[in-house]
Amino acid sequence: MDEQGVINVELISPMKQKRWGWPAVANFILGGAGAGFYLLSFLTMILEAGTFALSEPASFGLLAPVLVSLGFLALTIEAVRPLRGRHLFRHVRHSWISRETLAGAIFVPAAVLDWLFPHPALGVLAVAAALGLMISQGFIVYRARAVTAWNVPIMPLLFMSSGLASGGGLVLLVAALDRLPLARGLVVIGLICVVLNLAVWLLYLRWSHATPFRLATDALCRPIAVILTAVLGHVVPLLLLLLLLIRPGVDARVELPHVVTALSGLAMIVGGMSQKVGIILAAGYTREIALRH
Amino acid sequence: MARWAMVIDLRKCIGCETCKRVCDEVNNVPPGVTWRRLVDSGVEGNPNGQRLFLTMSCMHCSKPPCLEVCPTTATYRRPDGIVDINYELCVGCGSCVLACPYNARSIPTEDNIVLEGGAGLENTSVTNPDRIGVCTKCNFCLPRVDAGLSQGLKPGVDPEATPTCVRFCIAEALHFGDLDDPDSSVLRLVRDNKTARLQEELGTDPSVYYILK
């Protein structure tokens, strides 16, 4: 009995959800990273015209739609009746899965067409769809009312920041592998993504002091999770990017150490992956069912 | 238009599981899933020292979280408040399973084969392949309710038109009826007793009421 005289009888204890597994995680990782990559590439193109010009065919121009498509492909393993996929568009008014599917269905062809026949309108359409995809994924998880650690209002923002961080990491990795001249703007964008994602992540972990939330997110605060997500995924790239930024002689077109850039990118991708795996698989505990009277 | 609801009198429930068993049998509930479950609170968990047997299923919420997340509109709510699933539309994505705070939904992966007429009499198997890989849950015995109404029967009063769990409850702990009918037993029970609903704080407005004392 609590202070207000309310009797609370626990009937069903929290259980780990088993409905969404690795395929769903893969979709969230690949979709977020693909969409984030496209958004940040577009942004970089605007800031540093020519560096990542999406209006020009590039070897990585197809990377984002391929990643997003692979994410959706993974979902066909999770959904037991994937051949009924055409019905997924029926509830765009309310369902975030419908909206995610719609965003993906617009993004993939728009990005591919933009790669084949570069046109600003296609690029803008793909950017809008990529943004929609990232937002939708966060809301899909947030709307899972039965899962304590998912049904928190910060979840859409977390998926956005995580997708941007993963996408930013991918941008840095691709730039390093392609030995593109790295611009200061790109490093700054990477830094912003890392700092933003780390801030949102810490905010999420401290979102609620309620016992069910603390218990559900306990696994995310264990040493292995902290090392993978916070240290490797955020602190390491943060330091590496700062090193790139403060290195004397860096200007808009100076070639930067590609190994450091690649490592930063890789670490950011690992951080984003670790977040999604942690949220979906480790923190996915259902809500306690109790009789309160 | 009716507003179907269920009232469960916890003072009467003895935890015999008849409701669950008849539900499983009549609805051919596939193996590994359950539409109705019985939870034993035990004595320690209840500060009153009262041991509660609580039978649970879909709560047929007025604001069902499962409905808004369903991407295919397979889950729908009828004007009379019953939340049902169109198996033809469901893709088995599981979003509704994770949206339902009552753990009332499941996606079966294997079928239940029932021999009609009993073993040895007639080997006609009754299978429901359309229910494999899609979400299933309690539907307040919708076919019985609708069939009864079409025959002029009154669900909750006439056994043929009443959900099986209610009809076969040996303790008469389960009641079903129309909350908008001033003569219905469910309205009277809700009005005259102290009732509680599960997870009310989530704003789902469930249609299943529990009488405590």
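Side-chain atoms are counted along with the backbone in the values below, which use heavy atoms only and exclude waters and symmetry mates. This one's a predicted model, so the numbers in the text were calculated from it and none came from an experiment.
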Fit a plane to each ring of A:W96 and A:F139, take the angle between them on a 0 to 90° scale, and name the class: parallel (under 30°), tilted (30 to 60°) or perpendicular (over 60°).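 Taking A:F139 first and then A:W96, their aromatic rings lie parallel (interplane angle under 30°).
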| query | When the ring planes of B:F140 and B:F176 are compared, do they come out parallel, tilted or perpendicular, using 30° and 60° as the limits? | reply |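 It falls in the perpendicular class, over 60°.
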Testing the 3.5 Å rule here: is there a donor-acceptor pair between the side chains of [X] and [Y]?
X	Y	value
B:S207	B:W4	no
A:R90	B:T73	yes
B:H175	B:D9	no

Per-residue tally against chain A (heavy atom, under 4.5 Å) across B:C70, B:P65, B:C66, B:C100 peaks at B:C70
task: Could you have a look at B:A196, B:C90, B:A74 and say which one has the most heavy-atom pairs with chain A under 4.5 angstrom?
output: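 Most pairs with chain A among the choices: B:C90.
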Let's test your reading of the structure: which of [options] forms the most heavy-atom pairs below 4.5 Å with chain B?
options	answer
A:A290, A:G284, A:A146	A:A146
A:R99, A:R287, A:H91, A:E288	A:H91
A:R84, A:Q17, A:H94	A:R84

Heavy-atom distance under 4.5 Å to chain A: side chain of [X], backbone, both or neither?
X	value
B:L10	side chain
B:L89	both
B:Y87	backbone
B:V91	both
B:E200	neither
B:C93	both
B:L212	side chain

Tell me if the centroids of the rings in A:Y142 and A:F159 come within less than 6.0 Å of each other. no
Worksheet item: What do you reckon, are the aromatic ring centroids of A:Y204 and A:W207 less than 6.0 Å apart?
Response: no
| request: Measure the spacing between CZ of A:F28 and CD1 of A:I280 and express it to the nearest 0.5 Å. | output: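 Separation between the atoms: 5.0 Å.
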